[in-house]
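In this chain, residues are counted from 1 in sequence order.
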Amino acid sequence: MSLGAILTGTCTIQRVTNTQDAIGGTVEAWAPKSANVPCLVRQLSAQERLGVGREMLVSTHRLYCEAGVDVTAKDRVIYGGYTYDVQSVYNPDDLNRHIEVDMTRRV
């Protein structure tokens with residue numbers, strides 16, 4: 001089975017941009033970095049949350065997508081009407097087959 005067969009959803013990856021306001025201050029705004037990214041999102045189990053928690057990160061969901069998708073720990077993901085803050089990005093075994101993104105869903 002190919003990776004594409006299990007990536008049944010799509011998400012938007014947003015990155016913060018900084019612009020100057022009328023008086024010279026900085027204003028942060030979120031802008032789409034990538035849209036319609038094929039992905040799979042699953043909720044982490046309580047045991048997985050504890051494992052991540054030892055690293056002082058609190059992640060509630062994991063995003064799976066193809067290797068090469070540009071996402072960093074400073075980004076956020078929009079999926080299924082929810083917004084998720086990216087906590088960490090992994091390339092399992094450095095094989096460049098896919099990436100796993102640990103995220104926290106905003107309430």
Side-chain angles (χ1 to χ4, degrees):
M1 179 185 311
S2 72
L3 178 64
I6 64 169
L7 301 180
T8 57
T10 60
C11 68
T12 298
I13 299 169
Q14 294 183 331
R15 189 158 289 164
V16 71
T17 59
N18 295 312
T19 58
Q20 286 191 342
D21 62 17
I23 58 172
T26 302
V27 177
E28 289 186 348
W30 290 95
K33 171 69 176 147
S34 304
N36 297 317
V37 176
C39 67
L40 172 71
V41 174
R42 73 175 182 85
Q43 187 171 356
L44 296 176
S45 69
Q47 186 173 7
E48 288 173 308
R49 288 183 196 190
L50 288 173
V52 173
R54 278 187 242 124
E55 296 176 333
M56 300 308 292
L57 298 175
V58 179
S59 297
T60 59
H61 291 76
R62 183 164 292 148
L63 168 80
Y64 299 88
C65 52
E66 295 177 349
V69 172
D70 183 14
V71 59
T72 71
K74 295 180 180 181
D75 295 337
R76 70 182 187 185
V77 173
I78 309 298
Y79 176 82
Y82 294 101
T83 301
Y84 300 85
D85 293 319
V86 174
Q87 301 296 327
S88 57
V89 180
Y90 301 101
N91 177 359
D93 298 323
D94 292 322
L95 294 176
N96 296 320
R97 292 186 181 156
H98 73 283
I99 58 172
E100 298 178 6
V101 180
D102 286 343
M103 313 179 297
T104 301
R105 186 166 81 183
R106 289 184 174 204
V107 182

Problem set entry | Partners meeting side chain to side chain contact (heavy atoms under 4.5 Å, CB included) with P32 (sequence neighbours left out) | T12
Exercise. Are side-chain heavy atoms of V101 and Y84 found at a separation under 4.5 Å?
Worked result: no
Problem set entry | Other cluster members, W30 - Ile/Leu/Val/Met/Phe/Trp/Tyr, side-chain contacts below 4.5 Å | V16
For this session: For E66, check side chain to side chain donor-acceptor pair (under 3.5 Å) against everything at least two apart and list the hits.
Result: none
Problem set entry | More than 12 heavy atoms from other groups under 6.0 Å of CG on D93 | no
Seminar exercise, completed: Residues T8 and A5: closest non-hydrogen pair is CG2-O, 3.9 Å
Side-chain donor-acceptor pairs under 3.5 Å in residues 71-80, sequence neighbours left out?
| residue | atom | partner | partner atom | Å |
| --- | --- | --- | --- | --- |
| T72 | OG1 | K74 | N | 3.3 |
| T72 | OG1 | D75 | OD1 | 3.4 |
| T72 | OG1 | D75 | OD2 | 3.4 |
| D75 | OD1 | R15 | NE | 2.8 |
| D75 | OD2 | R15 | NE | 3.4 |
| D75 | OD2 | R15 | NH2 | 2.8 |
| D75 | OD2 | T72 | N | 2.8 |
| R76 | NE | Q14 | OE1 | 2.6 |
| R76 | NH2 | Q14 | OE1 | 3.1 |

For this session: For residues 19-42, pull every pair meeting salt bridge (Lys or Arg N to Asp or Glu O under 4.0 Å), keeping only residues two or more places apart or in separate chains.
Result: K33-D70, R42-E48
Problem set entry | Minimum heavy-atom distance N96-A67, with the two atoms named | O-CB, 3.2 Å
For this session: Report the distance from atom CZ of R105 to atom CD of Q43, rounding to the nearest 0.5 Å.
Result: 7.0 Å
Seminar exercise, completed: Hits for side chain to side chain donor-acceptor pair (under 3.5 Å) against R106, two or more places apart or cross-chain, chain-then-number order -> D85
Exercise. Quick one: are R62 and L40 in side-chain contact, heavy atoms under 4.5 Å?
Worked result: no
For this session: Show your working on side chain to side chain contact (heavy atoms under 4.5 Å, CB included) between N91 and H98 and close with a plain yes or no.
Result: CA-CA 6 Å; N91 177 359; H98 73 283; over 6 Å; no
Seminar exercise, completed: Test side chain to side chain contact (heavy atoms under 4.5 Å, CB included), reference V69, set V89, L63, I99, output is I99
For this session: List in chain and number order the residues that pass salt bridge (charged side-chain N to carboxylate O under 4.0 Å, His left out) with R97, two or more places apart in sequence or in another chain; answer none if no residue qualifies.
Result: none
Seminar exercise, completed: Under a side-chain separation threshold of 4.5 Å, the hydrophobic residues clustered together with I23 are none
Problem set entry | Nearest-0.5 Å distance that lies between atom SG in C65 and atom CD1 in I13 | 5.5 Å
Problem set entry | L44 vs S59, side chain to side chain contact (heavy atoms under 4.5 Å, CB included): CA-CA, chis, key distance, verdict | CA-CA 8 Å; L44 296 176; S59 297; 3.9 Å; yes
Exercise. Does one side chain, of T104 or Q87, offer a donor that lies under 3.5 Å from an acceptor on the other?
Worked result: yes
